[in-house]
Each structure stands twice: as structure tokens, then as C-alpha cells.
Amino acid sequence: MWLYILLWGSTLLPLVHSTEVLVVTVATEKNEGLKRYLRSAERHGIDVHVFGLDEDWKGGDTRIEQGGGQKIRILRRQLEKYKDKKDMVIIFSDAYDVIWANGLDVLIDRFTDHYSQHRIIFGAEPFCWPKKELAIEYPLVEFGKRFLNSGLFMGYAPEIYRMLSLKEVEDKDDDQLYFTMIYLDEKLRKELKMGLDSISRIFQNLNGVQEDVKIEFDQEGTAYVFNTPYNTHPVLIHGNGISKLYLNYLSNYVGEWSREKGCLRCEQRKKMEKEEEEAGESMELPTISLAVFISSTPFVEEVLNALGAQDYPKSKIHLFIYNSQPFHLETVSKWAESQKGEFISRSIINVDMETGERDARQMALESMVSRGSEYLFMTNGDIYLQREEALRDLVKKSLFYDIDIISPILNQPGKLFSNFWGAIAHNGYYARSEDYVEIVNVWCTSWIVECSFMLSSLIKGDLVKNHVSSRPFHYSKELDPDMSFALYARHKGHFLHVSNEDSDGFLIVSDEFANDLQKGRLHTEMWQIFDNRWLWEQRYLHDDFVKILNGPVEEVPQPCPDVYDYALLSPRFCAELIEEMEHFGEWSDGSNSDKRLAGGYENVPTRDIHMNQVGFEREWLYFINEYVRPMQEKMFIGYFKNPIESHMMFVVRYKPDEQASLRPHHDASTFSIDIALNQRGVDFEGGGVRYVRYNCTVPADEVGHTMMFPGRLTHLHEGLPTTKGTRYILVSFINP
């Protein structure tokens, strides 16, 4: 559905001829394209007035078919009063796909300087639309584009009105064809003194020439649109046809962003918020429906906890959770139970095989409407909102910038992949815009009017109410639900905005997680140290490790000579590793014969499972190199080997009726680590390690703590008997 508005400004400019200028455009609804148009006009001091607002649009869907005749009828009706003002200049443009790149003074100067012999000037384009066969009838131009585009024109009031009134037009007639036939009539063209702005001195139609039109910055860092072949800086920019997405790109900078100052409106917002804070004022936060969609992604527990920690009153939030993955069933259930009574309402769909993702997202829309929420925030299980103010600030940005749909820019740590792409490929999926890298990594903007992103978006409730019945997630079943939503929004004229004003969080890497879930593991996140290192550290590193690593040497406990005992792994890692090993279950028999070893013989056998047997060898080697090696270099000064090597990494199980102890021995290593995995007095009795040469015993009973000691020559040691229960330790011989 096309939406048009008639805007006009009675601004009198101090021009040479004291020309009165009337700015006109047509539409029927105030959507975001119109807001952008008005905002760009306001920046240049152009007052506007809206005509045709709230009229029913009957001019067809010109996005996919010919039409637009109603626009001519509205113009004719509204401009009749000016038909006798021979010195008045009327400037017309479409409303929803046009921006002002400069002011009226520049425009009028160019009109009078370059087109003084004309009474009407149209913008030009490279395509003959809507009837290609008419191309042969077009008069030649000296230079530039020769085909008329009806989205941009200007001229004197008498000629403009006469042109609009030459013949009757129906609402669904094609407006461009109407003007084309007048222009191709040589007699009328001469009478009306019609011409084309063939080299875009004033009007720039983008379709077919996107590669020729660039952003250029002046010495003060202000952005302008530059037509490179013609060396011109057009005033009005029109995203006609399929070039609307490119107009979105241009509009991110023209009037919105400066090379010197960055985001031009961000400081305004922050200044206003500071003033409100100093005045003791606080905004009344709107109610929100928070919808979370979980599939095959790791660290869902952390994602939910981060959402629960958002600095937004839960008394203002309706909660909706959809989980399609059985692996997360218990996690979601426990978290939902922990939040019982916190939110206004809760709706949890936890592994309902009859409800697909599209239907679940539609249910979230319907739930928001039925709850009467003022906003809907939709997010996925692979989106970690780290900054506690993220949700609150998104609401503030939506209100301040008057944005219907906004999402924070979130990328995978250390990677360029993000929830923002800024362009669309021919197949309807993501494509990378030319400024993608700068936006994700460098520039600060108030928003980017872009075209596709994964869902982590805040949507105004009124917008949801107006479109919920259209089922936007079902709009294109050939696309993913989120892409279908984005396509629907674009086709309905709603901009998708992303903001990189703040660093709100990041995307969790989940590309291979679905495959990993098929490997029969109990705790698949343990294998995520490469893909999601930061979250892995939060869950599996001991809380005290970083402090110990960065602290003074003398604070690292040394219970025996050159035996350092420090916190390394979280109790959770230790418990989950035990469960994984018992789940695997193929413990060695404790004999000297061991087919797992190259020679088939173990001199000092234990009951154990090697890391490579459970597919954890690569991850554990990386862990040792990244966390244990720095501690070794700190404590054993002068020894360096990066990367480390290890061929013996295993979990040992001690039981009184199986193998209770281990005789004195040297490890086949330069240094070794020995990590306690469970708790003396709770899981077992006895145990500990005795270093024979020093007659020194270490209890080795603090879960997650490791002993780090030289392996050969000096540190002959033995495992003391476990007298009750089962004791587990994790051993690694490093740099054999």
C-alpha cells in the first residue's frame, strides 16, 4: 500500500527575484519514510505542511504494479489555489523514499542558473518506465540521462497546475506514464517549457546508478551526496524502484553523521537525559512483553540470567519463552521457576513439538496485544545482553528518535559476524553493506536504517497491533522467520534500525552446536572453549583464578618445595567432567597392559579415561596452553614453551575396592598438574599426595584447585589411599 502526504512550506527566501517557494509532496499516512523526509527538510529550515493525511490510498501498490494516479488528483486539488501565481516555484517530491541533502537556497540558485529557459524541470533516470517501447520517442539530451522520472519535479505554479490538469486521471492510473506522455508531446513540452535535470544538479534518482552516487565529506566533516560521473552534488535524493535500500544507506550519513563529530543526534539525547537526571526527573517506563526464542544454542542459562539481570522493573514485563530444544528443557524450567512471581505474567512453551518457530513468534505478537504491552522485545537464545541498561536504553532511544523498530548491534567476539548486515542479496538473505566493517567496529551512530537483522529488536506496541493479523513471520515461508519479518517490514514501509551507540552485549557462536548435541554428551558447553571463550570462562574457570594469575608470586600457596597449589577450575566444571567420564564409562583396568599407548605398556597404571577417548583432547590442550602455561611461566621463571605439548591427559578414579592408591613414581613430563575434582569428607575419605623426597603431603582436596610441580627427577610422589567413597583427579603430563 502506497502512503503519501502533501507537504508545503510558505517560506519566502531572499532570492534575486524574491521567489516564493512552495514545497509539495503527497502521501496518505505518516510512516517512517515520511518522518525521515520531514526530518531532512527541517534540518535545512524548510517548513512543511501535510495534505492528504489519513486519506484512503486507492492508487494501487506501486511497489509491484503501475499506479499512483491518486497522487496527481491530490496535487491538482491542493494546488489549484496557486495556479495564477506566475512567480511562485513549486517543488514536488515523493515522500517516503526521498531526503533533502541541501537547502532551498542552493536548489533555487541552481534552478535559476542552469534552467532559466525552462518553466518545469523533472528528475531524470536511465530507464524508460513504465513502457519501454516509448524510449524511441524521447528527445535526445546533450549529456546525461534522458528518461523522465515523476518522483521529483519543480516549476512555476501556473505551468505545474496546467500540467496536472491537462487530462482526467483515475486513482490507479500510472502517474509516471501521465507525465511521460505530456513530455513526449512536443507541442505540450514546448508550451510548458519542460526539461530534464539530466546530470543531477538538483534531482538524483538512484535506481540504476547506485555505483555512481557516493557519500562525500566536506572539510568540516559534513556528509553530502556526490554524483561522480557528473561531478554534481544533488539536493533531493530519490530512492526510486529497487534503490530504496541504497537510499537508506545514504540517509544514515546525510544530516545524521559527521566524519569529525560522529553521531550528530547522540549528544542531544545524552544531554537531554543528563538534564532530566539533574532535575530529578525520571521517565515512566512502559510495559514490555519480553519474548525469548531458544533453539540449538549454548549457554542458555547465562542468556536467561543476563535477561533477568536487566535494569528494567520486572513489574513492567510480561514474559514469553519458547524453547524448541530438549537439551535446554531443564535449564528453562529451573530458570522460569526461579523467576516465579517476579514478572507480571509468564507464558512458557518448553519443548512443544507441535509448535514451530513461526507459530511461536506469531503467538508472541498475539500475547503482546492481549497483554496490552506498550512494547515488544524479541530476542534469541544466542543473544547475550551483557550491559544491564541495554533494554532500558533501547526504550529511551525508541522514544527519543521516534523509532518503531530498533535493535542493538551485536557481534561475535573478535569476529565481524553480527546481527546487522545492511544489505540484501538477490535471494532475499543477508548481504554485507560497504560500510559494514566501520559500523560494527568503529563508528558511533544514533541508528542505521538498515534492511535485515536477526531478531533482538524492540518494537512499538502500536505497530504490532496494526500488523499482528497479517502474520509477518509467515509472510514468506521461503525465508527464515526473522527474514520473513524483515521482508514484511520493508514492504510495509517500516524501517529496521540498529544502534551501535552502546556496547550492549554479543552474539553467541552456535553454528556447530546442533551437531555437537548429537554426539551423546551430557554437558556440551564444556566443548565450547573455542567458539565462546568468554562465556566458557565465566562458567568453568575458578572465580579466583584471574586474581591469582595477576597477583604477586608470593601469594600463590606452596605447600611443598616447588609445588604450587592454586584455584584453576570451577566446581561446576569438575562435577560435569566427572559425569562425562562416568557417562562414557570405559575406565582402564589398572593393569600394565594399555592398548591406548603407543607401546601398549603403562609402567605406573591407574584406573583412568584419557581426554582423547571422550573427544576433549584438543580443548584441554588449548586450556592448558592458555591458562596453565602463564602460571607456569610466572612460577617457574626462565622456562618457556608455547604451545605446550601433552600426550597424557586423563581423569583418574580411586576407590577402595578398585584402586585405592598409586605407588611412588616420577611423571613423564617437564611439569605436571594434578586437579582435585571432588570433595574429601563429602565424596570420599583419605587420599592426598605425598612428595617422597621432601616427605611433604598435600591434601589435594579443594575442588578445582591444581597442584603444579616438576615431573622428573626431583618430585617423586605417590597417591595416598582412598579409604572410603570415590576420589577423582585430573592429571596432565606437560611437555614430555
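In this text, all values refer to a predicted model and were calculated from it rather than measured experimentally. Only heavy atoms go into these numbers, but all of them, side chains included; no hydrogens, no water, no symmetry mates.
Tyr156 meets the ring-ring contact (aromatic ring centres under 6.0 Å, His included) test with Phe111; sequence neighbours excluded. Residues passing the ring-ring contact (aromatic ring centres under 6.0 Å, His included) test with His118: none are found, sequence neighbours excluded. For Tyr224, the ring-ring contact (aromatic ring centres under 6.0 Å, His included) criterion is met by no residue, not counting sequence neighbours. Partners of Ser40 by side-chain contact (heavy atoms from CB on, under 4.5 Å), not counting sequence neighbours, listed by chain and number: Arg43, Ile99, Trp100. Take Arg358 and apply the salt bridge (Lys or Arg N to Asp or Glu O under 4.0 Å) test, not counting sequence neighbours, and it matches no residue. Judged as a salt bridge (Lys or Arg N to Asp or Glu O under 4.0 Å), and not counting sequence neighbours, Asp480 has no contacts. Under the side chain to side chain donor-acceptor pair (under 3.5 Å) criterion, Asn227 pairs with Gln204, sequence neighbours left out. The ring-ring contact (aromatic ring centres under 6.0 Å, His included) check on Phe226 picks up His233, with sequence neighbours excluded. Not a single salt bridge (Lys or Arg N to Asp or Glu O under 4.0 Å) links Lys132 to another residue, sequence neighbours left out. Applying the salt bridge (Lys or Arg N to Asp or Glu O under 4.0 Å) criterion to Asp511, with sequence neighbours excluded, gives no partner residue.
Side-chain contact of Tyr253 with Ser258: a donor-acceptor pair under 3.5 Å is absent, judged by distance alone. Defined by atom type and a distance below 3.5 Å, a donor-acceptor pair is present between the side-chain atoms of Tyr115 and Asp197. Thr25 and Tyr37 share no side-chain donor-acceptor pair at under 3.5 Å. Under the 3.5 Å distance criterion, with hydrogens and angles disregarded, a donor-acceptor pair is assigned to the side chains of Gln176 and Glu125. Looking at Tyr488 and His467, their side chains do bring a donor and an acceptor atom within 3.5 Å of each other.
The environment of Glu211 atom CD is sparse: at most 12 non-hydrogen atoms of other residues, nucleotides or ligands sit within 6.0 angstrom. Counting non-hydrogen atoms of neighbouring residues, nucleotides and ligands closer than 6.0 angstrom, the CD atom of Glu260 exceeds 12 such neighbours. Summarising the local packing, NZ of Lys465 is surrounded by more than 12 heavy atoms from other residues, nucleotides or ligands at distances under 6.0 Å. When the shell of 6.0 Å around CD1 of Ile242 is examined, it contains 12 or fewer heavy atoms from other residues, nucleotides or ligands. Atom NZ of Lys271 has 12 or fewer heavy atoms from other residues, nucleotides or ligands within 6.0 Å. Enclosure of atom NZ in Lys172 is not indicated, since only 12 or fewer non-hydrogen atoms of other residues, nucleotides or ligands lie within 6.0 angstrom.
Closest non-hydrogen pair, Gln78 versus Phe51, comes out as OE1-CD2, 3.1 Å. Minimum interatomic distance between Gln70 and Gly59 (heavy atoms only, all atoms of both residues): OE1-N, 3.2 Å. Across all non-hydrogen atoms, the minimal contact from Gly103 to His44 is N-ND1, 3.6 Å. Across all non-hydrogen atoms, the minimal contact from Ala41 to Val48 is CB-CG1, 4.3 Å. For Leu206 against Gly239, the heavy-atom pair with the smallest separation is CD1-CA, 4.1 Å. Ala157 and Tyr82 make their closest contact through CB-O, 3.1 Å (heavy atoms, listed as atom of the first residue, atom of the second, distance).
Listed by first and then second residue, the salt bridge (Lys or Arg N to Asp or Glu O under 4.0 Å) pairs that reach into residues 401-411 are Lys35-Asp402, Asp402-Lys460, Asp404-Lys460, sequence neighbours excluded.
With hydrogens and angles ignored, the 3.5 Å screen pairs a side-chain donor or acceptor of Asn205 with a backbone N or O of Ala124. Between the side chain of Lys131 and the backbone N or O of Cys128 there is no donor-acceptor pair closer than 3.5 Å. Using modelled atom types, one side-chain atom of Asp173 and one backbone atom of Glu170 make a donor-acceptor pair closer than 3.5 Å. Using a distance-only test at 3.5 Å, with no hydrogens or angles considered, no donor-acceptor pair links the side chain of Asp502 to the main chain of Leu394. A donor-acceptor pair under 3.5 Å is formed between the side chain of Thr228 and the backbone N or O of Asp212. Side chain of Ser407 to backbone of Ser456: a donor-acceptor contact under 3.5 angstrom is found. Checked by atom type and distance alone, the side chain of Ser484 pairs as donor or acceptor with a backbone atom of Pro472 at under 3.5 Å. The backbone N or O of Gly67 sits less than 3.5 Å from a side-chain atom of Asp174, completing a donor-acceptor pair. Under a 3.5 Å cut-off, the side chain of Asn411 and the backbone N or O of Lys415 do form a donor-acceptor pair. Side chain of Ser116 to main chain of Asp113: no donor-acceptor pair is present (N/O by atom type, distance under 3.5 Å, no hydrogens or angles).
The pair Glu191-Arg162 meets the salt-bridge criterion, since a charged nitrogen lies less than 4.0 angstrom from a carboxylate oxygen. Residues Glu55 and Arg77 are paired through a salt bridge, judged by an N-O separation under 4.0 Å between the basic side chain and the carboxylate. The residues Lys190 and Glu186 are annotated as salt-bridged, a charged nitrogen and a carboxylate oxygen being separated by less than 4.0 angstrom. Ion pair Glu216/Arg259 not flagged as a salt bridge, since none of the NZ, NE, NH1 or NH2 atoms sits closer than 4.0 Å to an Asp/Glu carboxylate oxygen.
Counting heavy atoms from C-beta outward, Leu245 and Gln210 have side chains that stay 4.5 Å or more apart.
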So His491 and Tyr475, side chain to side chain donor-acceptor pair (under 3.5 Å) or not? Walk me through it.
CA-CA 10 Å; His491 284 178; Tyr475 186 65; 3.0 Å; yes

Where do Ile120 and Lys193 land on the side-chain contact (heavy atoms from CB on, under 4.5 Å) test, with the steps shown first?
CA-CA 6 Å; Ile120 297 175; Lys193 296 184 179 180; over 6 Å; no

Lys214 vs Leu250, test: side-chain contact (heavy atoms from CB on, under 4.5 Å). Steps then yes/no.
CA-CA 8 Å; Lys214 306 296 181 183; Leu250 297 176; over 6 Å; no

Take Phe179 and Phe122, measure what ring-ring contact (aromatic ring centres under 6.0 Å, His included) needs, and give me the verdict at the end.
CA-CA 10 Å; Phe179 294 117; Phe122 275 84; 5.4 Å; yes

Should Glu168 and Arg76 be marked as a salt bridge (charged side-chain N to carboxylate O under 4.0 Å, His left out) after you check the CA-CA gap, both sets of side-chain angles, and the distance that decides it?
CA-CA 11 Å; Glu168 287 302 315; Arg76 180 190 301 166; 3.8 Å; yes

Stepwise side-chain contact (heavy atoms from CB on, under 4.5 Å) test for Leu410 and Phe506:
CA-CA 5 Å; Leu410 305 164; Phe506 56 86; 5.6 Å; no

Run the side-chain contact (heavy atoms from CB on, under 4.5 Å) check on Ile182 and Asp185 step by step: do they pass?
CA-CA 5 Å; Ile182 294 173; Asp185 186 316; 5.8 Å; no

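Here the straight-line distance linking atom CG of Asp393 with atom OG of Ser398 works out to 12.5 Å at 0.5 Å rounding.
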Sequence neighbours excluded and cut-off under 3.5 Å, please list the side-chain donor-acceptor pairs for residues 134-145, or say none.
residue : atom : partner : partner atom : Å
Tyr138  : OH   : Leu148  : N            : 3.4
Lys145  : NZ   : Tyr230  : OH           : 2.7

